[in-house]
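Contents: one structure, followed by commentary.
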Amino acid sequence: AVVSTQSTGSQQKLMSVQIITNAAQSKLVRDKLTKWETTTSISQRQKDCVVDLATWSAMDEEIDLPSSDIISNNETQDQSSTINNAQEFYEWFHSVERGMESDQESEYRDYINSLKEHHGRCNSVLDGISKALEHLKLLGSQYRTVSLTTEALHDSCELLMQDQQDLEQLGTSIAQHLVYFTEHDRIGTKLNSSAISVMGEAFVPMLIKIDECVEFMKDHPDYKESAVYLAKYQQCLVRALTLLRSYIVNAIRSTSASALSALPGSGGAVPGDPAFAQLYSKFQSQGPRIKALMEQIEDRSEKNPEYLQVTQDCYTCYCYQRQALILPIINQELERLYKGHDKDYCTFIRTSCMALIRICEDEYSLYHCFFSRSDLILQGLLESLSSQLYDYFRPMIINQVQRFDLLADICSVLKNDIFDDHVNAKGECLEAFGHLALQMLEDAQERLSYRTQAYISSDVTNFLPSAGDLAYPSKLSEDLSNQYAMWYPTVRRSLICLSKLYRCTNRSVFESLAQECLAACIDSLKSATLSIVENSSLLDSQLFLIKHLLIIREQIAPFDVNFTVNEVSLDFTNLKIAATGLMTNKNRILSLSSNNALLEFLFQGAPQLTKKVLDSKKDVDINLKEACTDFITTAATMLSSPIHAFLATVETSTSSPTMEQCRNVVSETTQRISSKLPGIKKSMHLYLANPDTEAILFRPIRGQILAQFANLRKVLDPMEEEDKFIINCPSPEQLTLTLAYN
């Protein structure tokens with residue numbers, strides 16, 4: 001009981017001690033925090049967290065002590081001694097209290113010692129850090145010194161390397177540029193050597209090198225002695241080109257001489273013979289070698305006048321040699337063809353042109369075996385070869401060919417056979433020959449135009465028909481196998497003339513000549529109509545004109561032209577009126593007023609420019625319409641003239657016609673229709689020979705006759721039915737059947 005009482009008191013005292021201890025620890029912590037705040041800035045929340053942690057740590061440790069250490073100590077003391085009085089209790093309590101304090105403070109002392117130890121270590125670390133910082137500061141200072149020195153050294157090295165590179169580039173540039181100066185001696189030695197060969201492998205590279213050196217000297221005139229070396233290289237270039245030109249010219253001349261020696265003893269050859277073929281084969285064998293050299297010259301001829309001059313010299317030499325070889329042969333061949341085709345002008349022109357076309361094609365191909373580019377000199381060669389034909393052609397069409405149809409055939413050969421089939425299809429190789437052929441065609445067309453006008457004047461306008469030409473309609477009754485023989489001669493000639501002109505002249509020339517020809521043809525038909533009226537009848541003359549106008553319209557329809565011509569003329573009517581006024585007002589010639597007669601003459605007497613459109617096809621239609629109208633009127637009058645005269649009398653008379661008069665008129669008219677209508681139909685069929693055309697032309701005749709009978713029936717309407725029966729006027733149905741065209 002005593003022990004338990006002591007234990008309970010001890011526990012209460014221990015709790016009091018713990019509370020006191022906790023308060024002391026909290027105060028100690030706060031004091032430490034306050035001291036720490038002076039060196040370290042923390043927030044209030046952080047401060048509260050530190051105090052709370054310290055309180056909880058102390059409470060946990062102290063609460064666990066009675067259950068372990070204190071109890072164990074009490075048990076030990078209980079086991080060692082027994083408290084008998086209060087003094088022993090106080091001593092024991094005091095020892096226990098000291099033990100508890102010692103036990104409680106031992107942890108803190110250990111912690112303090114540990115802190116002191118850590119503090120010492122931290123001071124050592126701080127000392128080490130301070131020394132390290134001093135060493136680092138020294139090292140940084142040394143590093144900066146070394147870095148500055150290194151950068152300076154690096155910059156110096158870079159400058160030296162840049163200087164080295166600049167010097168190397170300068171040396172390389174000087175060496176490269178110096179080559180253009182030092183190359184002269186080597187080139188001069190080669191050109192002056194007697195062993196130099198134009199066909200050697202080193203000649204073309206040497207020529208290229210000379211061009212490069214000349215170009216370099218021209219591009220750098222500021223270099224020292226560049227002008228001197230430019231003159232030297234130009235001399236070398238002239239020397240090299242002279243060697244090259246001499247080689248090419250001598251090769252062409254020797255080839256020409258070899259080809260000439262292969263010709264027959266007479267000095268000529270005919271195209272197609274083996275001897276003539278050698279004129280090309282020998283040149284072709286030399287072509288590739290010369291062409292390889294000419295390509296080097298031609299490529300530079302546009303930039304360098306020296307090369308251009310050498311190129312022109314080679315072209316000229318080649319064309320001269322070819323002309324000397326081919327020209328005599330062409331003249332000989334043209335002479336042979338001209339004599340072999342005497343009076344057959346079309347055949348001569350066709351064969352001559354074909355021979356020249358073959359020669360031009362061969363010369364063009366041979367030229368390009370030597371040279372890569374075409375030149376005007378080549379065109380000059382081909383034109384000179386082709387012009388030999390013109391020397392035969394021009395006198396022939398002026399002095400020998402007088403017929404327009406032959407001229408038309410010649411134009412057709414040149415236009416269709418030569419131009420369309422060959423010149424236009426072959427292009428550049430026949431360009432020179434095309435110029436000659438065009439000139440020949442234009443000359444032939446000009447001559448054709450002149451001869452056509454003369455032909456129209458003599459054979460159409462001034463045509464004098466014979467009795468047989470005007471024997472219509474008996475001429476149409478003849479059994480002729482050729483239908484064109486039944487045409488009037490001027491019509492036949494005009495249409496033949498137009499058909500030939502259409503194939504070989506241009507549009508404007510054809511339209512002009514066609515208008516003139518058709519106008520003359522129509523005038524000749526009108527003149528023939530007057531003669532036929534005298535020999536036959538008016539009806540025959542009108543049908544004659546209709547027939548031939550229909551033929552003309554039918555035959556000119558396929559021509560794809562307008563048949564229109566703009567005719568410009570001067571009208572001097574105002575000049576005549578003004579001159580008359582001037583002579584009338586002589587007293588006002590010197591008048592100073594606005595009524596001066598001389599001024600009026602000058603202003604009013606100027607001739608007027610008039611334009612007139614002539615349409616031949618329209619003229620044909622107008623004349624055809626007039627001829628048809630005249631024929632319809634003539635035929636209708638021939639069939640119904642009694643009724644027409646009777647109706648005219650009735651209109652002028654005041655009395656009514658008698659039944660007998662009406663019966664006589666109807667009887668006479670029906671008899672006329674019965675007797676004359678078959679003849680009219682026969683004549684229409686004989687002239688027109690086309691049922692459709694005949695029916696169209698007869699329809700207005702029937703209409704006029706029906707109209708005359710309709711007017712007559714109006715006159716008969718007031719009469720008695722018995723009188724009408726006696727008059728026996730046919731009804732419209734009867735007349736329609738009677739006038740039907742079968």
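Across all non-hydrogen atoms, the minimal contact from Met486 to His548 is O-NE2, 4.1 Å. Taking both residues in full, the closest heavy atoms of Ala425 and Asp421 are given as CB-O, 3.8 Å, listed atom of the first, atom of the second, then distance. Here the closest non-hydrogen pair linking Arg322 and Leu279 is NH1-O, 2.8 Å. Residues Ile377 and Gln312 share a closest heavy-atom pair of CD1-OE1, 3.1 Å. Across every non-hydrogen atom of Ala259 and Leu325, the tightest pair is CB-CD1, 4.4 Å. The two atoms that bring Leu470 and Ala528 nearest to each other are CD2-CB, 3.9 Å, heavy atoms only.
Counting only N and O atoms by type, the side chains of Arg300 and Gln296 include a donor and acceptor under 3.5 Å apart. Judged by distance alone, the side chains of Tyr687 and Gln542 never bring a donor and an acceptor atom under 3.5 Å apart. Looking only at atom types and distance, the side chain of Glu335 has no donor-acceptor partner in the side chain of Asn331 under 3.5 Å away. Ser412 and Asn416 form a side-chain donor-acceptor contact under 3.5 Å, judged by distance and modelled atom types alone. For the 3.5 Å distance criterion, the side chains of Glu363 and Tyr280 qualify, holding a donor opposite an acceptor. Between the side chains of Asp362 and Ser365, no donor-acceptor pair is found at a separation under 3.5 Å.
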Give the C-alpha distance, both sets of side-chain angles, the deciding distance and a yes or no for side-chain contact (heavy atoms from CB on, under 4.5 Å) between Phe510 and Leu498. CA-CA 8 Å; Phe510 175 79; Leu498 293 180; 4.2 Å; yes

Between Asp313 and Val249, is a side-chain contact (heavy atoms from CB on, under 4.5 Å) present by the stated rule, with each step listed? CA-CA 8 Å; Asp313 292 344; Val249 169; 5.6 Å; no

Would Glu333 and Arg336 count as a salt bridge (Lys or Arg N to Asp or Glu O under 4.0 Å) here? Give the steps. CA-CA 5 Å; Glu333 179 67 10; Arg336 183 184 68 82; 2.4 Å; yes

Set out, in order, the CA-CA distance, both residues' side-chain angles and the distance that settles side-chain contact (heavy atoms from CB on, under 4.5 Å) for Leu441 and Cys411, then state yes or no. CA-CA 6 Å; Leu441 177 60; Cys411 292; 4.1 Å; yes

Verify side-chain contact (heavy atoms from CB on, under 4.5 Å) between Gln388 and Asp391, making sure each step is shown before the conclusion. CA-CA 5 Å; Gln388 305 306 310; Asp391 296 338; 3.9 Å; yes

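Between Tyr318 and Phe370, the ring-plane angle classifies as tilted under the 30° and 60° cut-offs. Between Phe559 and Tyr502, the ring planes lie tilted relative to each other; the angle falls in the 30° to 60° range.
From Ile398, atom CD1 reaches atom OH of Tyr450 across 11.5 Å, with rounding to the nearest 0.5 Å. One distance of note links CD of Glu694 with CG of Asp692; it measures 9.0 Å at 0.5 Å rounding. Interatomic distance, CG of Leu407 versus OG1 of Thr452, reported as 7.5 Å (0.5 Å rounding). For the atom pair CG (Asp443) and CZ (Phe393), the distance works out to 6.5 Å, reported to the nearest 0.5 Å. Atom CZ in Arg394 sits 8.0 Å away from atom CD in Gln439 (nearest 0.5 Å). Going from atom OG of Ser458 over to atom CD1 of Ile456 covers 9.5 Å, rounded to the nearest 0.5 Å.
Using modelled atom types, one side-chain atom of Ser301 and one backbone atom of Glu298 make a donor-acceptor pair closer than 3.5 Å. Ser524 places a side-chain N or O within 3.5 Å of a backbone atom of Cys521 that can act as its donor or acceptor partner. The main-chain N or O of Glu446 is never found under 3.5 Å from a side-chain atom of Ser449 such that the two would form a donor-acceptor pair. Of the possible polar contacts, one joining the Ser499 side chain to the Ile496 backbone as a donor-acceptor pair under 3.5 Å is found. Not a single donor-acceptor pair under 3.5 Å links the side chain of Ser256 to the backbone N or O of Ile252. No donor-acceptor pair closer than 3.5 Å links the side chain of Ser258 to the backbone N or O of Ser254. For Arg493 (side chain) and Asp459 (main-chain N/O), a donor-acceptor pair under 3.5 Å exists by modelled atom type. Listed for the Arg245 side chain is no donor-acceptor partner under 3.5 Å among the backbone atoms of Val310. The backbone N or O of Gln453 lies less than 3.5 Å from no partner atom in the side chain of Ser457, so there is not a single donor-acceptor pair. Checking side-chain atoms of Lys500 against main-chain N and O of Asp409 turns up no donor-acceptor pair under 3.5 Å.
Considering only heavy atoms from C-beta on, Lys547 stays 4.5 Å or farther from Tyr488 through its side chain. In this structure, the side chains of Leu518 and Asp619 stay at 4.5 Å or more apart for every pair of heavy atoms. Contact of the Phe203 side chain with the Leu244 side chain is registered, since non-hydrogen atoms from C-beta on lie closer than 4.5 Å. Between Val509 and Gln445 the shortest side-chain heavy-atom distance does not fall below 4.5 Å. Side-chain contact between Glu431 and Glu383 is absent, with no heavy atoms from C-beta onward closer than 4.5 Å. With contacts defined as side-chain heavy-atom distances shorter than 4.5 Å, the pair Asp211/Lys303 does not qualify. Counting heavy atoms from C-beta on, the side chains of Ser352 and Leu356 never come closer than 4.5 Å. Annotation: side chain of Leu438 is in contact with side chain of Phe419 (closest heavy-atom distance under 4.5 Å).
Cation-pi check for Arg373 over Tyr367 is not met; the charged atom does not lie both under 6.0 angstrom from the ring centroid and within 45 degrees of its normal.
No more than 12 heavy atoms of other residues, nucleotides or ligands sit less than 6.0 Å from atom OH of Tyr320. The local environment of CZ in Arg507 is crowded, with over 12 non-hydrogen atoms from other residues, nucleotides or ligands closer than 6.0 Å. The environment of Gln400 atom CD is dense: over 12 non-hydrogen atoms of other residues, nucleotides or ligands sit within 6.0 angstrom.
With salt bridges taken as basic N to acidic carboxylate O contacts below 4.0 Å, one links Lys209 and Glu212.
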